[in-house]
Amino acid sequence: MELKAIRGFNDILPTETGQWRVVEERAREVLEGFGFSEIRVPILEKTELFSRSIGEETDIVEKEMYTFQDRSGDLVTLRPEATASLARAYIEHKMYAHDPMAKLYSIGPMFRHERPQKGRYRQFHQVDVEVFGVSHPMVDAEVMAILMHYLSVLGVKGCELQITSLGCPTCRVPYKEDLKAFLRDHRSQLCPDCRRRMEINPLRVFDCKVQGCQEVMSEAPLIGNYLCQECDEHFAGVKAYLETLDVPYMINPRMVRGLDYYTKTAFEVVAEALGAQNAVAGGGRYDRLIEELGGPNIPGIGFSIGMERLLLILPEEPCPSGPSLFIAALGEVAQREAFSLSYRLNVAGVRAMMGFEGRSLKAQMRRANKFGARYVLIIGEDELREGKAILRDMEGRRQQEIPLPGVFEEVISRIEGSL
Ligand code: HAM
């Protein structure tokens with residue numbers, strides 16, 4: 001039997017982990033600068049946590065969760081997203097006890113049994129960001145600004161921030177009734193799935209890809225025209241604060257998020273370059289979630305970035321996790337010299353490596369290239385006899401001679417000076 005990874009579950013190979021780390025490290029820097037702290041929560045939770053928060057009638061809960069009975073007979077689920085877990089942890093550890101405001105982030109794998117394609121996997125990773133305890137529209141604008149800032153720090157281009165307001169239960173009840181009435185009038189034009197969906201979760205019809213349904217929905221009533229005064233004022237505030245921060249946005253009145261916990265602001269960042277799975281990040285406000293999960297009446301807002309999709313649109317950079325220096329040593333004496341030099345350089349903070357087997361210079365240069373080393377220090381038999389080594393800059397293709405006594409200090413100062 002040939003053993004392979006499960007469909008939709010990917011290995012992240014050594015050639016890729018450098019980029020993953022860049023993305024993760026920048027996320028930590030940006031978020032911690034804005035006062036966020038990291039939290040790590042379990043990957044497995046009670047199924048009820050997700051069915052109650054994400055919503056029984058969503059695609060995620062209906063057909064995408066990895067749910068099973070564990071050996072004690074409890075129904076458990078591999079998390080399909082992180083917001084519910086962070087909310088659970090916030091409540092469980094009474095993080096609101098002294099001050100309800102908490103700014104948290106978490107990075108890790110999520111699991112959804114979707115049909116795999118480019119940008120859509122069954123195990124994927126998110127940077128998840130949540131602010132609990134603040135209902136002011138400034139915080140909505142700030143989290144979106146942080147998301148866009150993070151993307152620009154990474155050099156990602158061609159992204160658009162789309163926003164909407166999904167209202168609150170007060171405005172959503174009359175809206176849903178009108179939407180249902182509209183859908184009943186157009187029932188014959190809808191696909192069988194949407195005919196079923198329209199009574200339980202009519203908003204989902206906006207997400208249907210069938211052309212007939214899309215045509216119907218282009219005429220459908222929009223939540224934006226039903227917002228109650230509070231939601232309307234909140235949305236006006238969010239837009240004004242985004243403008244204060246010079247964050248460009250587009251209003252998408254037909255946006256439907258695939259999770260039911262949202263109230264008021266919802267948003268997505270889309271990148272055309274991604275094709276069909278074009279949302280690189282999504283989020284929104286969920287002012288009732290904490291209470292619905294058994295906590296106090298505390299609002300929240302956040303977003304998650306899909307890391308695989310982010311990596312698909314990341315500008316190419318050389319892998320930063322490679323060594324700065326490769327030592328190519330020819331002959332046994334030179335190898336011994338290289339062996340101790342490479343170790344001492346690493347201890348001193350210079351990323352250095354050697355090839356070990358005394359291969360030809362050509363083979364060692366190929367290896368230096370493979371590992372992405374910027375510099376190669378060549379110690380050949382002739383050089384050794386003459387008491388010198390050659391430092392070659394692989395980018396500029398220049399080389400310099402360095403006297404062997406003091407090579408350690410010299411390499412450190414030259415490499416540090418030029419990186
Ligand atoms: P979501 O829109 O379901 O929201 O997912 C956020 C992002 O995760 C998506 O925009 C996408 O980039 C990525 N993603 C989702 N599913 C997949 C998949 N199967 N394969 C690859 N990437 C995927 C949430 O998860 C909410 N928890 C966001 C949030 C946080 N709302 C408030 N706080």
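Computation of the quantities below employed the complete heavy-atom set of this structure, encompassing side-chain atoms and omitting hydrogens, waters and symmetry-equivalent molecules. Both ligands and their constituent atoms are indexed starting at 1 by order of listing.
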Q: Could you tell me whether Glu81 and Arg112 have a side-chain N and a carboxylate O separated by less than 4.0 Å?
A: no

Q | Protein heavy-atom partner closest to atom 8 (O) of ligand 1 - residue, atom, separation in Å | A | Gln126 NE2, 3.1 Å

Q) Out of curiosity, is Arg257 lining ligand 1, as in a heavy atom under 4.0 Å away? A) yes

Q | Check: Ala279 N/O within less than 3.5 Å of ligand 1 N/O | A | yes

Q | Tyr262 N/O to ligand 1 N/O under 3.5 Å | A | yes

Q. Looking only at heavy atoms of Gly284, does any of them come nearer than 4.0 Å to an atom of ligand 1?
A. yes

Q. What do we get for Tyr261 next to ligand 1 when only non-hydrogen atoms under 4.0 Å count, side chain, backbone, both or neither?
A. side chain

Q: Considering only NZ, NE, NH1 and NH2 on the basic side and carboxylate oxygens on the acidic side, decide whether Arg28 and Glu32 come within less than 4.0 Å.
A: no

Q) Taking non-hydrogen atoms only, is Glu268 closer than 4.0 angstrom to ligand 1 via side chain, backbone, both or neither? A) neither

Q: Give the atoms of ligand 1, by number and element, whose distance to some non-hydrogen atom of Gly282 is under 4.0 Å.
A: 10 (O), 28 (C), 29 (C)

Q) Do the charged groups of Glu38 and Arg40 touch, with an N to O distance under 4.0 Å? A) yes

Q) Quick one: does Ile60 get an N or O within less than 3.5 Å of an N or O on ligand 1? A) no

Q: Look at Arg197 together with Glu57 and state whether they make a salt bridge at an N to O cut-off of under 4.0 Å.
A: no

Q. Are Arg392 and Gln400 close enough that a side-chain donor and a side-chain acceptor fall under 3.5 Å?
A. no

Q) What is the closest protein heavy atom to atom 28 (C) of ligand 1, and at what distance does it sit? A) Ser304 OG, 3.1 Å

Q: Assess the side chains of Thr77 and Glu45: does a donor N or O sit below 3.5 Å from an acceptor N or O?
A: no

(Q) Can you classify the ring geometry of Phe132 versus Tyr90 as parallel (below 30°), tilted (30 to 60°) or perpendicular (above 60°)? (A) parallel

Q. For ligand 1, which atoms sit closer than 4.0 Å to a heavy atom of Asp128?
A. 30 (C)

Q. Relative to ligand 1, is Val280 under 4.0 angstrom through side chain, backbone, both or neither, heavy atoms considered?
A. backbone

Q) So, are Arg172 and Glu177 salt-bridged, with charged N and O less than 4.0 Å apart? A) no

Q. Of all the non-hydrogen atoms in the protein, which one sits nearest to atom 32 (C) of ligand 1, and at what distance?
A. Gly302 O, 3.3 Å

Q: Give a yes-or-no answer on whether the side chains of Tyr226 and Asp178 include a donor-acceptor pair shorter than 3.5 Å.
A: yes

(Q) Could you identify the single nearest non-hydrogen protein atom to atom 19 (N) of ligand 1 and state the distance to 0.1 Å? (A) Glu114 OE2, 2.7 Å

Q: Give yes if a backbone or side-chain nitrogen or oxygen of Tyr286 is under 3.5 Å from a nitrogen or oxygen of ligand 1, and no if not.
A: no

Q: For the residue pair Arg367 and Gln364, confirm or rule out a side-chain donor-acceptor distance under 3.5 Å.
A: no

(Q) How far is atom 21 (C) of ligand 1 from the closest protein heavy atom, and which atom is that? (A) Gly119 O, 3.2 Å

**Q.** atom 13 (C) of ligand 1: nearest protein contact (heavy atom, Å)
**A.** Gly306 CA, 3.6 Å

Q. Among protein heavy atoms, which sits nearest to atom 20 (N) of ligand 1, and what does the distance come to when rounded to 0.1 Å?
A. Tyr121 N, 3.0 Å

**Q.** Residues Lys46, Asp74: salt bridge by 4.0 Å N-O rule
**A.** no

Q) Does any N or O atom in Glu308 lie less than 3.5 angstrom from one in ligand 1, N or O only? A) no

Q. Does a side-chain N-to-carboxylate-O contact under 4.0 Å join Lys239 and Glu243?
A. no

Q | Pair Glu160-Gln162, side-chain donor/acceptor within less than 3.5 Å | A | yes

Q.
Once you restrict to heavy atoms under 4.0 Å, what part of Glu130 touches ligand 1? Side chain, backbone, both or neither.
A. side chain

Q: Decide whether Asp128 and Ser304 meet the rule of one side-chain donor and one side-chain acceptor closer than 3.5 Å.
A: yes

Q. Is any NZ, NE, NH1 or NH2 atom of the basic residue among Glu308 and Arg120 found under 4.0 Å from an Asp or Glu carboxylate oxygen of the other?
A. no

Q) Can you list the atoms of ligand 1 that are under 4.0 Å from a heavy atom of Glu81? A) 25 (O), 26 (C), 27 (N)

Q) Which bit of Ala281 gets closer than 4.0 Å to ligand 1, counting heavy atoms only: side chain, backbone, both or neither? A) backbone

Q) Taking non-hydrogen atoms only, is Ile301 closer than 4.0 angstrom to ligand 1 via side chain, backbone, both or neither? A) neither

**Q.** Under 3.5 Å side-chain donor-acceptor pair for Tyr66 and Gln123
**A.** no

Q | ligand 1 atoms in contact with Thr83 (distance to a heavy atom under 4.0 Å) | A | 26 (C), 27 (N), 29 (C), 30 (C), 31 (N), 32 (C), 33 (N)

Q: For ligand 1, note which part of Phe303 has a heavy atom under 4.0 Å away: side chain, backbone, both or neither.
A: backbone

Q: Note the single closest protein heavy atom to atom 18 (C) of ligand 1, along with its residue, its atom name and the distance in Å.
A: Phe124 CD2, 3.4 Å

Q: Answer yes or no: does an N/O atom from Arg120 fall short of 3.5 Å to an N/O atom of ligand 1?
A: no

